[in-house]
Amino acid sequence: MTSGQPIRVLQVVASMGHGGIEHFLMNLYRAIDKDKVQFDFMYRVPYECVFDKEIESMGGRIFRCVDPDRHPISSSRFYRDFFANHPEIKVIHEHRSGCDGFFGLMREAKRVGVPVRILHSHNSQKGWANNPLKDATDAFNASHLDSLANTFLACSDLAATYLYGRCPKALEECVVRPNAIDLGAFAFDLETRKAVREHYGIARDALIVGHIGRFVPEKNQTFLLDVVSALRSKGVPADALLLGKGPLYNEVLDKAGSLGISQHVHFAGIQEDTASHYSAMDVFCMPSLYEGLPVSCVEAQANGLPMVLSSGISHMADICGHTTFLDLYENTDSWSKAIRLAAEGGRYDDIAALRAAGFDIGAAALEFEMLYLSEVSA
């Protein structure tokens, strides 16, 4: 810090919409001591994002860069001018789901001497197939990450191995820091449970299988509907409550119709108040093809929900011991049985376990303050 001013940390993300990385960053920003540390944000989308106004209300600045993967030369000029105009930026904290693409910001930050350059891995598997350009840039960047950044973080063990596995120094130095949340905000509430169920016209005795996530291939919501259909075929009054939007929304909607369960699949869209929707659920289910450690899994456990997850999700997601992992090659009968058994156990009080495991945002904010401040002053 200089002259009593907080250090400026540039959080680098694709955008600030509704997603796990974005919600984690906002949880952290709300909790961190802004007299010591102030966040700015850089992302590549040209439009206003959902958290822009809140960011600005807390003193953060928003910078929109030239898309580095589409226009690497123009973006290089942008980064050069940016750091020339903003010497107050002392920390770059870049959030990544892979090491493909252009690392121009990190390269320029190193060139001009930004003292802290953090890479933060949030995924456990690449989300593309048969893309030669992405494969080529991924292969080139993977072994050179330690020449760009000097601090390495990951949200889970799988996320650490995925991003840093081909760069021994980065993997050795990587610190796994859980994506913490405001635990109290997600506590179970009986009245909101009743209200949400009534809002969607869900029967009082229904077993609600809940899910939160973007409608994209890796989230695998169509398989979840197959499982709900299997439950209903066995006489279980199961409904699905799905939160989120995305490019495959209509495909999932059509799948519900083709299975004949449209009236039992409730599409809640993007919700600011996810806590009340967790309270309405009985089991939280994610049949993802791959994940790091989803923030939604932490929120679900803070609400006391048992979980049924695919084996493509890091086992670190089972923080409290009430999670069943299944392979996706298991048939829908196996998944439906696991959900029935999970529901029979009821809810759990797991706040203490979550806090002990480092998922309390208050404690996490102090850790990040120490990271930013100690590295800058080192």
Side-chain angles (χ1 to χ4, degrees), residues 6-65 89 91-97 118-123 153-156 159 177-187 212-214 243-246 268-278 291-303 317 351 354-355 358-372:
I7 64 164
R8 308 294 306 198
V9 178
L10 184 67
Q11 303 288 351
V12 184
V13 291
S15 68
M16 281 302 291
H18 284 288
I21 296 172
E22 296 91 330
H23 279 274
F24 162 69
L25 271 176
M26 292 308 296
N27 287 334
L28 182 61
Y29 193 17
R30 293 171 188 132
I32 208 159
D33 185 343
K34 285 173 278 293
D35 289 333
K36 298 178 180 177
V37 176
Q38 181 56 257
F39 287 178
D40 297 315
F41 291 77
M42 180 180 287
Y43 35 91
R44 64 184 64 178
V45 298
Y47 49 81
E48 182 176 352
C49 293
V50 66
F51 291 117
D52 285 7
K53 287 184 172 58
E54 184 178 359
I55 287 169
E56 292 171 341
S57 73
M58 292 190 287
R61 299 172 297 181
I62 297 168
F63 305 100
R64 290 175 172 84
C65 68
I89 299 293
V91 180
I92 304 294
H93 190 161
E94 184 167 350
H95 302 266
R96 279 262 170 180
S97 295
I118 303 169
L119 281 178
H120 198 153
S121 177
H122 291 272
N123 204 356
L153 304 178
C155 68
S156 70
R177 291 183 179 271
N179 286 346
I181 65 169
D182 180 354
L183 294 173
F186 290 91
I212 296 181
R214 291 191 69 229
L243 279 69
K245 285 286 182 70
I270 294 173
Q271 295 287 333
E272 296 293 333
D273 178 21
T274 56
S276 63
H277 287 72
Y278 285 116
E291 296 272 359
L293 197 167
V295 174
S296 56
C297 288
V298 183
E299 295 170 349
Q301 288 171 94
N303 192 262
I351 296 296
L354 289 164
R355 186 172 287 115
F359 286 90
D360 176 66
I361 194 62
L366 290 174
E367 290 180 358
F368 274 95
E369 283 174 21
M370 291 175 61
L371 170 67
Y372 297 141

Inset, instruction - Ignoring hydrogens and angles, tell me if any N or O in the side chain of Gln301 forms a donor-acceptor pair with the backbone of Ala317 under 3.5 Å. - result: yes
Inset, instruction - Take Ile92 and Val12 through the test side-chain contact (heavy atoms from CB on, under 4.5 Å) and record every step on the way to the result. - result: CA-CA 7 Å; Ile92 304 294; Val12 184; 4.1 Å; yes
Inset, instruction - Could you point out which residue of Val295, Ile21, Ile361 forms a side chain to side chain contact (heavy atoms under 4.5 Å, CB included) with Asn179? - result: Val295
Legend entry - Within-4.5 Å side-chain heavy-atom neighbours: Arg355 and Leu183: yes
Inset, instruction - Identify the heavy atoms of Ala364 and Ala180 that sit nearest to each other, and give their distance. - result: CB-CB, 3.6 Å
Inset, instruction - Mind running side-chain contact (heavy atoms from CB on, under 4.5 Å) on Arg8 and Val91 for me, showing each step along the way? - result: CA-CA 7 Å; Arg8 308 294 306 198; Val91 180; over 6 Å; no
Inset, instruction - Check whether any side-chain heavy atom of Tyr372 lies under 4.5 Å from a side-chain heavy atom of Ile32, and answer yes or no. - result: yes
Legend entry - Sidechain-backbone polar pair: Gln38 side chain, Ile7 backbone, donor-acceptor under 3.5 Å: no
Legend entry - Leu10 side chain reached by Phe39 side chain, heavy atoms, under 4.5 Å: no
Inset, instruction - Could you grab the distance from atom CZ of Phe41 to atom OG of Ser15, nearest 0.5 Å is fine? - result: 11.5 Å
Legend entry - Pairwise distance NE2(His277) to CD(Gln271) - rounded to 0.5 angstrom: 4.0 Å
Legend entry - Distance, nearest 0.5 Å, that separates NZ of Lys53 from CE of Met58: 14.0 Å
Legend entry - Non-hydrogen side-chain atoms of Ser121 and Arg96 separated by less than 4.5 Å: no
Inset, instruction - Kindly indicate whether a cation-pi arrangement holds for Lys34 with Tyr29, taking the cut-offs as under 6.0 Å to the six-membered ring centre and within 45° of the axis. - result: yes
Inset, instruction - Report yes if some heavy atom in the side chain of Ile212 is under 4.5 Å from a heavy atom in the side chain of Thr274; otherwise report no. - result: yes
Legend entry - Gap between atom CG of Asn27 and atom CG of Asp182 - 0.5 Å precision: 7.0 Å
Inset, instruction - Start with the C-alpha gap between Val9 and Asp40, add the side-chain angles, then the distance that decides, and say whether side-chain contact (heavy atoms from CB on, under 4.5 Å) holds. - result: CA-CA 6 Å; Val9 178; Asp40 297 315; over 6 Å; no
Legend entry - Pairwise side-chain contact, Cys65 with Tyr43, heavy-atom cut-off 4.5 Å (strictly under): no
Inset, instruction - Taking the side chain as every heavy atom from C-beta outward, state whether Met26 and Met16 have any pair of such atoms under 4.5 Å apart. - result: yes
Inset, instruction - I would like to know whether Leu153 and Leu119 meet side-chain contact (heavy atoms from CB on, under 4.5 Å); could you show each step before the answer? - result: CA-CA 6 Å; Leu153 304 178; Leu119 281 178; over 6 Å; no
Legend entry - Side-chain donor-acceptor contact under 3.5 Å, His23 with Glu299: no
Inset, instruction - Among Arg177, His93, Glu94, find the one that has a side chain to side chain donor-acceptor pair (under 3.5 Å) with His120. - result: His93
Legend entry - Test: Glu56 and Arg61 ion pair at under 4.0 Å: no
Inset, instruction - Report the residue from Arg214, Lys245, Glu272 that forms a side chain to side chain donor-acceptor pair (under 3.5 Å) with His18. - result: Glu272
Inset, instruction - For residues Arg44 and Arg64, determine if any side-chain heavy atom of one lies less than 4.5 Å from a side-chain heavy atom of the other. - result: no
Legend entry - Mutual orientation of the aromatic rings belonging to Phe186 and Tyr278 [parallel < 30°, tilted 30-60°, perpendicular > 60°]: perpendicular
